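Below is one structure, written out as C-alpha cells; comments come after it.
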Number of protein chains: 2
Amino acid sequence: MTSRKSVGEDEPTMEDDDAFVYVFDRRESDVPEVKIPTGGLFSFVEFKKRVQAALNISPSTKFIIATTDREEIRSDDTWDIIDKGDTLYVLNDLRQELCAPAQERVNYLPHYDTIVKGGMYEYYASEGQNPLPYAFAELIDNSLAATANNVGHRKIEIRLYLDDGNPRNCGIYVIDNGKGMTPRQLNNWAIYRLSKFIRKDQRGKVIVDGSIGEDSIYQPDAPRSLNSDISYFGVGGKQAVFFIGNSTRMITRPRGSQDVHELTISKEEFEMKEKNHEAIYSGFIRNRKPGDISHLPFEDEVLVKLVEEETSRDSFTMVAIQGINSDHITYLKQRLKDWTRQLAHIYHFYIHGPNGNVKPDETSGRIPSPFKNIDIQIQMYSKGQTHPKVIDLRDIDDDMQTLYVRNSASTFEFKAVVEGSMKVEGILRYHPFMYDRETYPSDMNDPRIIADPEDDHGYAISETPARGRRPIFECYWNGRLIPYTLIEDFEWCGSPKKMKTLPIECYNRISGVLWTDDKFQVSTNKLTFIDLEMKLRDKQTTYSRIINGQEKRTSIEKEFTNWIKECHEQLDKQIHFSGFQGKITRPDL
Amino acid sequence: MTSRKSVGEDEPTMEDDDAFVYVFDRRESDVPEVKIPTGGLFSFVEFKKRVQAALNISPSTKFIIATTDREEIRSDDTWDIIDKGDTLYVLNDLRQELCAPAQERVNYLPHYDTIVKGGMYEYYASEGQNPLPYAFAELIDNSLAATANNVGHRKIEIRLYLDDGNPRNCGIYVIDNGKGMTPRQLNNWAIYRLSKFIRKDQRGKVIVDGSIGEDSIYQPDAPRSLNSDISYFGVGGKQAVFFIGNSTRMITRPRGSQDVHELTISKEEFEMKEKNHEAIYSGFIRNRKPGDISHLPFEDEVLVKLVEEETSRDSFTMVAIQGINSDHITYLKQRLKDWTRQLAHIYHFYIHGPNGNVKPDETSGRIPSPFKNIDIQIQMYSKGQTHPKVIDLRDIDDDMQTLYVRNSASTFEFKAVVEGSMKVEGILRYHPFMYDRETYPSDMNDPRIIADPEDDHGYAISETPARGRRPIFECYWNGRLIPYTLIEDFEWCGSPKKMKTLPIECYNRISGVLWTDDKFQVSTNKLTFIDLEMKLRDKQTTYSRIINGQEKRTSIEKEFTNWIKECHEQLDKQIHFSGFQGKITRPDL
Ligand SMILES: Nc1ncnc2c1ncn2[C@@H]1O[C@H](COP(=O)(O)OP(=O)(O)OP(=O)(O)O)[C@@H](O)[C@H]1O
Ligand SMILES: Nc1ncnc2c1ncn2[C@@H]1O[C@H](COP(=O)(O)OP(=O)(O)OP(=O)(O)O)[C@@H](O)[C@H]1O
Ligand SMILES: [Mg+2]
Ligand SMILES: [Mg+2]
C-alpha cells in the first residue's frame, strides 16, 4: 500500500521512473535550466550523452559537469552522489565564475524529530523536579477541553500497566468520555502546530476565532477562569506522548457516531518510512466499528481488553502510549503518591471548584458545584492482581493547595485589571502563628526547602520566616497551575520597607493564588507565563479588594494593611520569650 | 516556476488532472477500496455514475455515498466538501454499522508555524527580562561554531539598521567570516530539527558522531569548555530569526568557493504557498557570483550595499533578518547598553579567555590567549549618519562576570566529577567587606534586586547579606552562559547549619561560576540546563579543589573552610559598631 502515491498536502514517495535532474548550462550563457530524466540510466557515460543531446553540445566540445558545490561529476563513482531532483552545472572550467545565477530547488520538510523529540528538551527538569507529571497534564488538559460540554459527568482515567515483562502489555492509557474526534479532527490532531486558531473547517475556511466552530468552548464568565479551554498551540499532546513513550495510538469515537477512528504515530514507523524513502508524514486512519479487534495481535492483551470495552462507551478518546521510557516506569511506580499529589495540585480548582478543597464540614449543606462532576482517576495495575490501585485526584488532601486552603485562618480576595480589560483574580491567605510554631504549610516536594533544625525541645530554632524563600503567589491559567511561574509579591502586600507597627514576620505568613484566562500568554509547554509578572507590575495595573463579590473602592494597600493587622491581632497566638537574661541553672530541681 | 512539480522528500503541488478519491464499498462487504478519478467532473450526478460503474452497482440498486464522518454526499453542494485524496463510503444506510474496517489515507505535514512560531513562546520572558538578547545569542552561537576552525581572527558583526522609515531598509544583519555553507548545508540549515547528529553526508549516510564529518569541531581539551561547539538541536537559528523578525535571507559563501548561495524563508512566502496550494517546504537557493545584485530591487539600499561588500569577503555567512517586530526595534534602540552588556556576559569567556576579563595591568606581559581572536561587534546605524555607533563586546567592562572577576580578592578553583567521567569546572570568588560596605557586585539588571535603603549618612541599613537572595553559581555550557539556570550552593560551600567560628555573612560574600561541556543537557532554547543541578547533587559526585592545575586530595569541605576563613581574616576590613547604647544628641555642635 505504501507504494501507492500519496496525495494532498504531503510529500510523495519517490519513484525511480520519473527521476530527473536539473542542468544549468553556465559555460557562458544565461539560459534556463533543462530537466533531464535519469530513469533507466546505469552509468555516468550514458548520462553525459543525455546532457550533450539536451544542451546541443557538439561531440568535440569540451565541458564538465559539476554539482552546485563545484564537485566534478566525471565517473560512475562521483555520479553516485547525485540525488533525484538535484541541480547540476555544465561548465567550461570547474573554477570559473558563475556567468549567471542559477536557481536550485530545495526542500526542507521538518525532520520527524520535530514530533518525536518535540517534548524532549522542553519538559526540562527544573530545581530537581521530574517533569513527567506535566506531560500527563497536557493529556488531561486535552481531556478537560474535550469534556467541557459534556451533559453528564466528566471522567478522565489514566490507566497504567507498567508491571509486565512483556513490552506489548506495558502501556499508559488516558481515556476520557468527551466529544471524541471525527476522522478530520483526528488527522488535525497529528498536525504539529495546527492550533485551533488556524484550523480549517470542512469547507477549507480558516476558523479565525477559536470561539466559533466545532472546537468551541465558550464559558467566558467561569469563576477563577475555570473555562476548560486549555488547548492552545497544537503541540501539547504530541510533545507529551513522545516525552512519555515512543509510540501512540489515538482511538476515538466522536459524539453521536457509529464508528471508531484510530491513528498510530510512532518513532519506529517514522524511521522505517525514512529508510524506505516513503512519505514521512503520511499514514492511515483505521475506521472501524466499536470493539473490533481484528487488527490487533492476540498478544496485545491489554489493548484488546480496552478495545473490547469500547462497546460500552459512548463518545470517547483514548490515548494509548507504548514504548514507555524505562526511567519513567520506575518513577511512576515508586513515586505514585508524589506525582498524583502534583496532579491534584495542578487541577485543584477543577476538581474541587472555585473555593478549593475546603474542609468537608464547611461545605455540608451546600449545593455541589458543577465542578464536582470532574473525575480524574489514576489506576495503577499490577501483574497478577485483577484490581488496580485506584487514586481519585479529588480524594487527595495533602496537595499544596489543599494545605494552603485548610491551614489558613482568613482570606483576602482581590482583583487586578491590566491594560483596562484583562482581569486577574487573586486571593491571599493568612497562616497564623500558633503558640509554638508557624502554621504556614511546608512544601515537602520542593527540594529547596531544607527542614529547620530543632533545638533540644523540638522547637524550631531557625530564623527563616514562615514561607521562607518561597514567593507568595502560585499562578493558574484557564484554571490549571502553570508550575514554574511564581510571583514574589506586589508592592501593596510585600514586607514594608520601613518598619510598621506590625511585626515583620506577619508578612511572611501569607500564601496566595492568582487566576488568569488566556488573555495572558504561557509558553508552549505550559510551564511558565510569558508576560504575567511584567503586566502585573505595570504602573497602569489597578488592584482592588473584593468582598462578597463586590469591589471595594478603598486603596488596596489600606485594605491589605487593615486585613493583615486584624489577622495578626486576632489570629496569631504568640508566646514570645523576650529579653533573654542569661541562663539560670537550678541544681535544686 | 512554482507550477512545476517539486521532487524529493517534499510534498507535491496539487494538480487537478490526477485528482481522485478512494471509495470503500461497505454495504456488506469487506472489499478493498477503489480509486476513482475526479478530474473533469463537474457535478455530483456525474460522480455518482462513476461510482456505480466502478463498483458494478446496477442502476436500480439504492445506495448512498458518505464521508468517513458519515455525512451524506447527495448534491453538488455536499460534493463540494470533498477534497482530492479523500476517502468515501458507499453504504446502504447512513447509520449502518461498518461491516468491515476502512483505512483512510491522511497526511499530517507539520504546519509552517512550526518554523515561524518556533521561537515565539520558547523565548519567554522570565523575571521580567526581555529574552531578545538570547535570540541574538543563538545566531552568535552559530557564528562561533562556524568560525571555530578559522586560521586567522574570528569576526562576528551584528549590524542594526532600525532607523529608517522605509521598512525595506530596516533590518538586522549578522555576519561572520566563518566557513560558510555549501548549497546542501544551506538546505540543511532550513530543515527544522535536523541536528548535526542526524545529518546525512553527501552519500546519504548518517554521520552518527558529530565529531566526524564536515561539521566537525573537535577541541576536547578546551579550558572552561570553550570549544565553540554550540550547535545542537537544529532549531536555534530558525527560532531566533523568527523571534526577531518575519523574513530571513541566508547568504553564504563556503570556504574556497567562487559562489555565493542565498536562501530566503519568510512568513509571507509560507502564507502565499498555503493559499496557492503549493508545496509549503519547497523553495529555491540562488547560486550566484559574489556581489551580484541583479535579483535585488533597487530600493533595498542596505541589502544592495551589503551584497556589494561580498567581493571583499572571503568565506562568510550573513543572516539578514527583516520585518523586525516593532517592540524589538524600540528595545534595541533604547536599551543598547543593557543588551550588549548581556551579550558580553553570555560570551564573557569566549571574548576574554578562560580567566575572564581580569584587570588590564594584571595581564600585561602575558601571551594573549587564542580567545582574544574573537571579535563580536555591534554596529548601530542611524539615519543620516554615515558611521554607525560601534560596540565591541570585548570593551564592555560592566557585565556581571567582569564585575565578579574584578571585584574579587581571592579565588578557589575546583572540579566536580559526575558519573565517573563527566567533568564540571568551577570557581568561587570572595568579595570582601571593605570598611563600610560589601563589595559584592550588585546586579542592576536583575529586577528582583531592590536597592538597599540607606540611612542619613549614606550607609546601607539593610540586613540583606552581600549576595542577597542570589544563588552563588552561574553556569556556562560549552563556554556560553545558560542564563536561567542558577545553582544556589553545594553542601560544602553553603552557609553551615551550626554556627562556626566564622561570621555567617562571609558565606554570602562568594560568587561562583560552573563550566560544563555538552555531556550535560540544555533545553532547546539554551535557557536552562536539564540535569546539571540534579547530577551535581548526586551522592556519587565527587568534588576536589584545584591549585595551579593540580587536584588536591584533601576533602573539599576542609579546603573550602580554610579558604573562606583565610579570606575573612586577611581580606575583610570590618569596622563593627557593636552594642548600640542609645542616641546622644549634641546640641552643642
Ligand atoms: N482527548 C481528546 N479528545 C478530543 N480531542 C482531542 C483530545 N486530545 C486532543 N484532541 C484534539 O487534538 C488537538 C491537538 O491536541 P494537542 O494537545 O496536540 O494540541 P492543542 O491541545 O491543540 O494545543 P496545546 O499545544 O495547547 O496542547 C486538540 O486541539 C483537539 O482538537
Ligand atoms: N553562521 C553560520 N555559518 C555556517 N553554518 C551555519 C551558520 N548558521 C547556521 N549554520 C548551519 O545551519 C545549521 C542549523 O542552524 P540552527 O542554529 O538552526 O541549528 P543548530 O545550530 O544545528 O542547532 P541549535 O538548535 O543547537 O542551534 C547549523 O548546524 C549549521 O550547520
Ligand atoms: Mg493540548
Ligand atoms: Mg544553532
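Reckoned from all heavy atoms, side chains included, excluding hydrogens, waters and symmetry mates. Reminder, nothing fancy here: chain letters follow the sequence lines and each chain counts from 1. No experiment lies behind these values; they were computed from the predicted model shown.
Looking only at distances, a side-chain donor or acceptor of A:Asn187 sits under 3.5 Å from a matching main-chain atom of B:Asn107.
For the set B:Val260, B:Ile285, B:Asp113, the count of heavy-atom pairs under 4.5 angstrom toward chain A peaks at B:Ile285. Contact count versus chain B (heavy atoms, under 4.5 Å) is highest, among A:His111, A:Gln96, A:Glu97, for A:His111. In terms of heavy-atom pairs under 4.5 Å with chain A, the best-connected choice from B:Ile265, B:Leu186, B:Thr87, B:Leu98 is B:Leu98. Ranked by heavy-atom pairs shorter than 4.5 Å toward chain B, the options A:Arg26, A:Glu488, A:Lys289, A:Lys238 are led by A:Lys289.
For the atom pair CZ (A:Arg95) and OG (B:Ser257), the distance works out to 8.0 Å, reported to the nearest 0.5 Å. To the nearest 0.5 Å, the span separating CD on A:Glu71 from OG1 on B:Thr182 amounts to 8.0 Å. From B:Gln103, atom CD reaches atom CD of A:Glu262 across 9.0 Å, with rounding to the nearest 0.5 Å. The CD atom of B:Gln185 sits 7.5 Å away from atom CG of A:Asp69, with the distance rounded to the nearest 0.5 Å. In this structure, A:Gln258 CD and B:Asp93 CG are separated by 8.5 Å, a value rounded to the nearest 0.5 Å.
No part of B:Ile82 comes within reach of chain A, as not one of its non-hydrogen atoms sits under 4.5 angstrom from that chain. For a residue to count as touching a neighbouring chain, one of its non-hydrogen atoms must lie under 4.5 Å from one of that chain's; by this rule B:Arg286 touches chain A with backbone and side chain alike. When heavy atoms are compared at a cutoff of 4.5 Å, B:Thr114 approaches chain A by way of both its backbone and its side chain. Neither the backbone nor the side chain of B:Tyr112 has a heavy atom closer than 4.5 Å to any heavy atom of chain A. Only the side chain of B:Asp259 comes within less than 4.5 Å of a heavy atom in chain A; its backbone stays farther off. Heavy atoms of B:Ser294 lying under 4.5 Å from chain A belong exclusively to its side chain.
Annotation: side chain of A:Phe24 is not in contact with side chain of B:Asn287 (no heavy-atom distance under 4.5 Å). Contact annotation: the side chain of B:Glu104 never approaches that of A:Phe284 to less than 4.5 Å [non-hydrogen atoms, C-beta and beyond].
Contact detail for A:His261 and B:Thr68: the closest heavy-atom pair is CE1-O, 3.7 Å.
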